[in-house]
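All remarks here apply to the structure that follows.
For clarity, every value in this text was computed on a predicted model and none was experimentally measured. So that the names make sense, note that chain A is the first sequence line, chain B the second, and so on, each numbered from 1. In what follows, every heavy atom counts, from backbone to side chain, and hydrogens, waters and symmetry copies are set aside.
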Number of protein chains: 2
Amino acid sequence: MSVSIAVAAKHANIAPSTVWSSGPALEADARPGFELSGVVMHFAAERQIYAEGDDARSFYKVVSGVVRTCRFLSDGRRQIDGFHMEGDVFGFEAGADHRLSAEAVSECTVIAYRRRGLESMVFHDDRLGNWFFSHAMTSLAAAREHSLLLGRGSAAQKIAAFLQEIAQREGSDNTIELPMSRQDIADYLGLTIETVSRTLSQLERDGTIALPTARRVLLKDRRALRSLTV
Amino acid sequence: MSVSIAVAAKHANIAPSTVWSSGPALEADARPGFELSGVVMHFAAERQIYAEGDDARSFYKVVSGVVRTCRFLSDGRRQIDGFHMEGDVFGFEAGADHRLSAEAVSECTVIAYRRRGLESMVFHDDRLGNWFFSHAMTSLAAAREHSLLLGRGSAAQKIAAFLQEIAQREGSDNTIELPMSRQDIADYLGLTIETVSRTLSQLERDGTIALPTARRVLLKDRRALRSLTV
DNA sequence: CGAATACTTGATGAGACTCAAGCGCCGTGG
DNA sequence: CCACGGCGCTTGAGTCTCATCAAGTATTCG
């Protein structure tokens, strides 16, 4: 059984500037694509997509740009849970509301999918259910990997793992374009901005990487980088 | 549609000392119980239930005792991903093999359920699918919470959060019985055994907790404990 | 009772945080 | 064209927390 949801035009209050794609069945991407219709939305860099505690009426897929999901601590600090790049789905929650905030790292475009009725539906459509289940399990594995990194690991290990993660996701040939600021990296790795900067400088001095510009990283010695990994 | 799997008695090679319950359909527990038959197994404290990399032929439910899931790092250190108590399910993997090891913290009894064919089946049985999906999402939330704790948080914050987590899971009235060693706690929180010990002592000096014995904790001032939490 | 194990406590040092400048890149405006 | 801020990043100096190394105490078990 295959299901297609018609998205009610209720999101209109989000922003008059949002672009609509109310047509049926959106494309498949690499993964089993879902046959859901969604709403295309644009966000400027640093804009909030949803806040912690908001009703989780929708979940999202990144079309272009980068999104971060994060949480703010009582002392004002921020923990970034993950970065979401093209094709990634984020904001899919078990409960009624979002447990994390989502913000645009760079200018970005996302598709918002209505969640209403999804739970009951998911389990009647093989592909859909399969997709969401596998998404949940993949996220779980990623979260555990992140825990591992945060719990153990020196600053150098964290940075090395981070660079390799980004390199892999960008599918890049030893050149990384960092879409996020040093502060974002720090909040993702549980470090301070100064330590991130110092560690990158040290890696450059060691000849492991090069930093032609602050946001561009050249992986000069991937073996050395790998050897830092836990 | 509701499905019931007959578990073949193939687990016989696990250990001659394991106790068997080859009977059919095991009970439901509080959650939507599954109509799966499983194999009851006993483990002495510190015994391995499965290892990282093992075929994930089965997943498990704790009947009594406590289990830890963990990973060993190249430098010999250990990161504990979670503790599993009565009723908890662990070892359910997306992929073909276990990404973590599982070990008995105390003497324990678990039920092993065959996983074979579960993926395809899960999506045809509402309750079953629902249960597993919700289990995955709950685990995900827990993993994120754990990340948050590990990434930020001083030793005191970690210990405070840990004590509250255990208290909640034991449903206890201000008295906690710690089933795990200081080393286990350290490996769970990304600390050393000495820091765990010192921090507990400090909390006792502050009057926040009392330690009648090493493994028994009295929460004397839950407000103070909570105020340490992120 | 003795030995092993688990936990606590102390002294010291390394690594990361904090506070504080300093640099470099850009966009703005003179 | 250059001066001027503003912002993000880097670098430095001092401090603090937690890890490490090393005893010392308590508890369990044979």
Q | Spacing of A:Lys220 atom NZ and A:Leu218 atom CG [to the nearest 0.5 Å] | A | 8.0 Å
Q: Measure the spacing between CZ of B:Arg77 and CZ of A:Arg152 and express it to the nearest 0.5 Å.
A: 5.0 Å
Q) Under 30°, 30 to 60°, or over 60°: which ring-plane class applies to A:Tyr50 and A:Phe90, parallel, tilted or perpendicular? A) parallel
Q: Sugar-phosphate atoms are those with a prime plus P, OP1 and OP2; base atoms are the rest. Using that split, label each nucleotide of nucleotides 14-25 of chain C B, S or - for protein heavy atoms under 4.0 Å, 5' to 3'.
A: --SSBB------
How many whole angstroms separate atom [atom1] of [X] from atom [atom2] of [N]?
X	N	atom1	atom2	answer
A:Gln183	D:dG8	CD	C1'	11 Å
A:Leu203	D:dC9	CG	P	17 Å
A:Leu211	D:dG8	CG	P	18 Å
B:Leu178	C:dT8	CG	P	10 Å

(Q) Checking B:Thr229 against B:Gln157: is there a side-chain donor and acceptor pair closer than 3.5 Å? (A) no
Q. Taking only side-chain nitrogens and oxygens of B:Ser197, does any of them come within less than 4.0 Å of OP1 or OP2 of C:dT9?
A. no
Q: Can you spot which of B:Phe162, B:Phe83, B:Tyr188 makes a ring-ring contact (aromatic ring centres under 6.0 Å, His included) with B:His146?
A: B:Tyr188
Q | Selected nucleotide, minimal atom distance to A:Ser181 side chain, candidates C:dC7, D:dT10, D:dC9 | A | D:dC9
Q. Out of A:Ile49, A:Val89, A:Thr69, which one pairs with A:Tyr60 under the side-chain contact (heavy atoms from CB on, under 4.5 Å) rule?
A. A:Ile49
